Engineer: 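The structure that follows is given in the form of structure tokens.
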Amino acid sequence: MFSEDWAAYIEKGDLEFLRKHYTLAQENYEEALKLAPEKSLPYEKLGNFYYYSNRLELGFKHLIKAFELGSSSPMVFFNLGRIYFLGQELLDRGRYFFDRALALSPKNEPLIGTYLGVLFYLKGRVEDAGDFLSRYRLSTPLKEPLDFFLGCISHDLGVYEKAVKSFNHALSFDPKSEETFLMLGNSYFKMKNYKDALNSYQKAVELSPHYSSAWKNAATAFQYLGDPVKAGEAIKNASALKKKSREKFSSAEEPGLDRHLWQHTEKLLLAWTLSNSDPPLVLD
């Protein structure tokens with residue numbers, strides 16, 4: 001078999017992928033790579049395939065090889081950016097790849113720009129993140145995560161009524177997000193609206209009974225509402241859960257310190273892509 005036949009395996013792999021015959025798709029992409037290890041396209045196909053099947057190490061290995069071989073695919077840069085984004089310590093590297101993806105696929109600016117806005121927030125550039133995310137509120141496909149982070153930004157800036165509005169808007173897209181209910185409760189708490197704060201924390205606990213931060217914040221809300229008995233029960237639950245998970249338990253005068261933002265960041269990446277895009281999101 002001549003090496004030129006590698007392209008036929010790519011075509012077969014793409015066809016099997018569209019048919020959701022994922023094992024056959026992978027086999028064809030791997031065969032193409034064996035025949036053309038000097039080409040970037042087989043690495044692109046396998047790298048994206050591994051990314052979407054939640055095998056990030058293999059995805060990174062193949063995508064970075066495609067990059068080194070001179071790939072100009074915006075999807076390669078976008079998925080590399082998302083992998084680096086998950087790494088937390090390498091956010092600047094993620095920014096680099098998102099910028100490259102944006103240059104190659106400007107029509108996807110709302111999608112890529114949402115990731116960049118969250119990057120700004122996680123790097124502590126809160127006001128820049130707010131300006132960036134507000135720009136894409138109407139056009140982004142990531143409606144719920146964008147409103148969640150806009151709420152976090154408003155909360156950090158002390159604009160609590162605006163934060164409440166953003167968190168409630170996020171919940172209209174995803175009414176089962178315990179992280180959003182936690183942050184909604186924190187904003188209500190800052191407004192001294194302890195009853196609504198407690199209601200939000202209790203909804204977070206209903207969705208996730210092992211959510212120690214929600215239990216802890218509920219305990220504080222009970223204290224401010226003058227119910228020390230229920231406050232004690234809630235703090236016992238929070239302490240037990242912290243001990244069970246071997247996490248350090250730290251008390252605070254008011255809620256809002258434990259926000260689990262990285263859980264929501266992961267939703268921006270794998271969870272949203274896999275659950276809302278069929279076939280998985282592709283940039284061109």
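All of these numbers come straight from a predicted model, not from anything done at the bench.
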Engineer: Are a donor atom and an acceptor atom from the side chains of Gln202 and Glu206 found within less than 3.5 Å of each other?
Structural biologist: no

Engineer: So, Thr220 versus Asn217: side-chain donor-acceptor pair below 3.5 Å or not?
Structural biologist: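 Per modelled atom types, Thr220 and Asn217 side chains form no pair under 3.5 Å.
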
Engineer: Taking the six-membered ring of Phe98, is NZ or CZ of Arg95 closer than 6.0 Å to its centre and within 45° of its axis?
Structural biologist: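 Verdict for Phe98: no cation-pi partner in Arg95.
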
Engineer: Mind checking the NZ-CG spacing from Lys143 to Leu146? Nearest 0.5 Å is all I need.
Structural biologist: 8.0 Å

Engineer: Rounded at 0.5 Å granularity, tell me how far CG in Asn48 sits from CG in Asn79.
Structural biologist: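 Result: 5.0 Å between the selected atoms.
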
Engineer: For Ala129 versus Gly117, what's the shortest heavy-atom pair and its separation?
Structural biologist: CB-O, 3.4 Å

Engineer: Can you tell me how far apart CD1 (Ile153) and CZ (Phe148) are? Round to the nearest 0.5 Å.
Structural biologist: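 Answer rounded to 0.5 Å: 10.5 Å.
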
Engineer: Please enumerate all residues that pass side-chain contact (heavy atoms from CB on, under 4.5 Å) together with Asp131, with sequence neighbours excluded.
Structural biologist: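 Counting only residues at least two positions away or on another chain, Asp131 forms no side-chain contact (heavy atoms from CB on, under 4.5 Å).
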
Engineer: Does one side chain, of Asp156 or Tyr121, offer a donor that lies under 3.5 Å from an acceptor on the other?
Structural biologist: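 Side chains of Asp156 and Tyr121: pair found under 3.5 Å.
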
Engineer: Without swapping roles, check the side chain of His21 against the backbone of Phe17 for a donor-acceptor pair under 3.5 Å.
Structural biologist: no

Engineer: Hey, do the aromatic rings of Tyr194 and Phe189 have their centres closer than 6.0 Å?
Structural biologist: yes

Engineer: Against Ser208, only a single residue in Glu178, Lys176, Glu179, Lys203 fulfils side chain to side chain contact (heavy atoms under 4.5 Å, CB included); can you say which?
Structural biologist: Glu178

Engineer: When you check the side-chain N and O atoms of Thr114 and Thr140, is any donor under 3.5 Å from an acceptor?
Structural biologist: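 The answer is yes; a qualifying pair exists.
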
Engineer: Would you list the pairs meeting salt bridge (Lys or Arg N to Asp or Glu O under 4.0 Å) in which at least one residue belongs to residues 57-75, sequence neighbours left out?
Structural biologist: none

Engineer: Measure the CG-OG1 distance between Leu207 and Thr180 for me, rounded to the nearest 0.5 Å.
Structural biologist: 10.0 Å

Engineer: Between Phe97 and Phe78, does the ring-ring contact (aromatic ring centres under 6.0 Å, His included) criterion hold? Intermediate values first, please.
Structural biologist: CA-CA 6 Å; Phe97 283 109; Phe78 187 53; over 10 Å; no

Engineer: Side chains of Asn199 and Asp196: donor-acceptor distance under 3.5 Å anywhere?
Structural biologist: no

Engineer: Check the orientation of Phe49 and Tyr22. Use parallel for under 30°, tilted for 30 to 60°, and perpendicular for over 60°.
Structural biologist: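 Aromatic pair Phe49/Tyr22 classed tilted.
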
Engineer: For the ring-ring contact (aromatic ring centres under 6.0 Å, His included) test, which of Tyr43, Tyr84, Phe67, Tyr51 pairs with Phe60?
Structural biologist: Tyr84

Engineer: Do Lys123 and Phe120 meet the cation-pi criteria used here (NZ or CZ under 6.0 Å from the six-membered ring centre, within 45° of the axis)?
Structural biologist: no

